Amino acid sequence: MTTTEAKVPQGPNDIARVESARPTSQVDGDLKQPQNAIEEQYGSTHRGLKPRHVQLMVIGGSIGVGLWVGVGTVLAKVGPLSLILGYGFWGLFFVWPLFLCVAEMCAYLPIRGSIFEIASRVCGPAIGLAMGWTYFFAGTMLICVEYSAVSTVMQYWDQDTNPAAWIGMAMGVCIFLNVVAVKWFGEAEFVMASTKIILLVMLVLTTIITMAGGNPKGDAYGFRNWDSGAMNSYYAEGSTGRFLGFWSVAIYAAFTIAGPDMIALAAGEIQNPRRTIPRVANLVFWRIVGFYVIGVLAVGIICSSKEERLTGESGTAASPWVIGIENLGITGYSHVINGFILLSGWSCGNAYLYSASRTLYGLAREGQAPKFLLKCTKSGIPIYCVAAVSLITCVTFMVSSNSSVEVFFWFVDLTTTALIMTFFLMLITYICWFRSRKAQGLTNDMLPYIAPYTPWTAYWALLLVTLMIIFVGFDVFSPFTVRGFITRYFAVAFTALVTAVGCLKYWREGRKLWIGPKEADLWSGKAEVDAECRHWEEGGIEENEKARLAELPLMRRTWEKVWS
């Protein structure tokens, strides 16, 4: 699959062609005055995120403790080969096409209302409402996952302190980083997310060196740990059990491999968005292969799926990386890994506090959440949104009366299905977007980025995610577990309920519940974005970037090229 980048309209003729395609009934000025009045009263977010911030946010938001700790439980159930196949299948056949489809929409309209506003315009207001609130639920649960993980990780060193203390510590740091100016949030996330890349590189290199005999025991173990079973049966016997093991990995991958939500939410705060968003999207293939496929390959090499400690202990003592390293007689190194894993959980909590608060802000801009949530500080922080999300995440303090690991997996199940439902609605939005731009004469060369092989990749991804929604809880029915059923399918009911409430709300207001392709609004806000981005785009995006880089010193220029 290759990506296709179309040029941004630059010259007078190009702009005239784009504007001529605009339906005469839709004028930016119709909505500009009310929106300006709201921004004057409440303030607005700022474009303070640089390309390197966005790239590391996307990476940082997708590499959490699930890849370091929770993956051990999955490895024990299914074996190392199933782990690789499940991650590769879900990442390459679902997350990749989804990412590129969302990038196409957000590169054209990098508005502050994000993809939720686009959904309201091209599908219907109830779909935008449902997607926004479902993702808000998912993002909030993800913060709880990471906070509970921090407390779990801290128990590796300290079993006596109440884990609620560690949750309070993690929460305080994340709130602080989210109420400073967005550029400083970006810098903090850049540093913390960088540690995840360093950790993964360290662990992969450790695996390569030790499997060749570079360990205190001088044991060149190679792929010996695969001898205990490359594909274990799960929930059933024989080939059916091995397939279900593979499918359970795909479900877990839906939790750990982040989708395009970060770039969609940050679109209104990204500098030079029509250049940055496509470039970040085009890296998703290498991110999936480099971080997930190679990562889970390494973890299945260094640790046996039959290791009893994978399911018998809490904290990072249950991390397959730590177990494998300790089994090789390497002392002290596990504490270093533990420290990096702690930062990893902290980084994800930080990133998703950002995403959940920006989701709530986008809903407020659409009139789908209370207006007071629009209040922004002078540095562009939606302060009440951050406060509201932080208040809800206090439910994580349940770990003070339950096992940290148990609560961790409650939140994992709730988050997984909520993310799957969000991605389902994103694909519905893209299909409506594709039909609308075709119906309104918005051709490929009028867009800054075109996702490849659409709409067929979108239809394929939609089929996969529909199957995932149906069978996400296949293993909770026999024997039936109430807790498992609720945590696996709660988000499905939540999305259906919010959609129904939205339909009732907009029907009573006399608004259309479903918007046809020729009626979709592809234009409101575009003139405002064009004005914001003119200094990056006028005269050519790439030409402007080359001119900017040419003015920098050699070291700074090299650094900028790596991340731009």
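Fair warning: this is a prediction, and the values are worked out from it, not measured in the lab. Residue indices begin at 1 and follow the sequence shown.
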- Do W96 and F99 have their ring centres less than 6.0 Å from each other?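 No, too far apart.
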- Message: Quick check: F137 with F490 (ring centres under 6.0 Å apart)?
- Response: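 Here the rings of F137 and F490 have centres that are less than 6.0 Å from each other.
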- Item | Trace of the side-chain contact (heavy atoms from CB on, under 4.5 Å) decision for I167 with V150 | CA-CA 7 Å; I167 291 172; V150 167; over 6 Å; no
What distance do [X] atom [atom1] and [Y] atom [atom2] have between them, rounded to the nearest 0.5 Å?
| X | Y | atom1 | atom2 | value |
| --- | --- | --- | --- | --- |
| I383 | L373 | CD1 | CG | 11.5 Å |
| L363 | Y135 | CG | OH | 12.0 Å |
| F434 | M105 | CZ | CE | 12.5 Å |
| F116 | L425 | CZ | CG | 10.0 Å |
| F411 | T393 | CZ | OG1 | 9.0 Å |
| I431 | L462 | CD1 | CG | 5.0 Å |

Does some side-chain heavy atom of [Y] sit less than 4.5 Å from a side-chain heavy atom of [X]?
| X | Y | answer |
| --- | --- | --- |
| N444 | R437 | yes |
| F94 | I257 | no |
| Y108 | K526 | yes |
| L442 | W523 | yes |
| C144 | W410 | no |
| L522 | R121 | no |
| Y430 | L98 | no |
| L343 | L199 | no |

Which atom pair, heavy atoms only, marks the closest approach of [X] to [Y]?
| X | Y | value |
| --- | --- | --- |
| A418 | A138 | CB-CB, 3.5 Å |
| A439 | P517 | CB-CB, 3.7 Å |
| C174 | Y147 | CB-OH, 3.6 Å |
| I420 | M468 | CD1-CG, 3.2 Å |
| P97 | A461 | CG-CB, 4.5 Å |
| I469 | Y489 | O-CE2, 3.5 Å |

- Message: Please check this pair: side chain of S357 against backbone of Y354, looking for a donor-acceptor N/O pair closer than 3.5 Å.
- Response: yes
- Task: Mind checking salt bridge (charged side-chain N to carboxylate O under 4.0 Å, His left out) for K505 and listing every partner two or more places apart, or none if nothing turns up?
- Result: E509
- Query: Does anything in residues 491-501 pair up under side-chain hydrogen bond (donor to acceptor under 3.5 Å, both in side chains), and if so which pairs, sequence neighbours excluded?
  - Reply: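 Sorted result for residues 491-501: T134-T495.
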- Given side-chain contact (heavy atoms from CB on, under 4.5 Å), test F136 with C385 step by step and report yes or no. CA-CA 11 Å; F136 173 74; C385 291; over 6 Å; no
- Query: Among pairs that include at least one residue of residues 412-429, which meet salt bridge (Lys or Arg N to Asp or Glu O under 4.0 Å), considering only residues two or more places apart or in two chains?
  - Reply: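 Residue pairs passing salt bridge (Lys or Arg N to Asp or Glu O under 4.0 Å), neighbours aside: D413-R483, D413-R488.
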- Item | R358 versus N178, side-chain donor and acceptor atoms under 3.5 Å | no
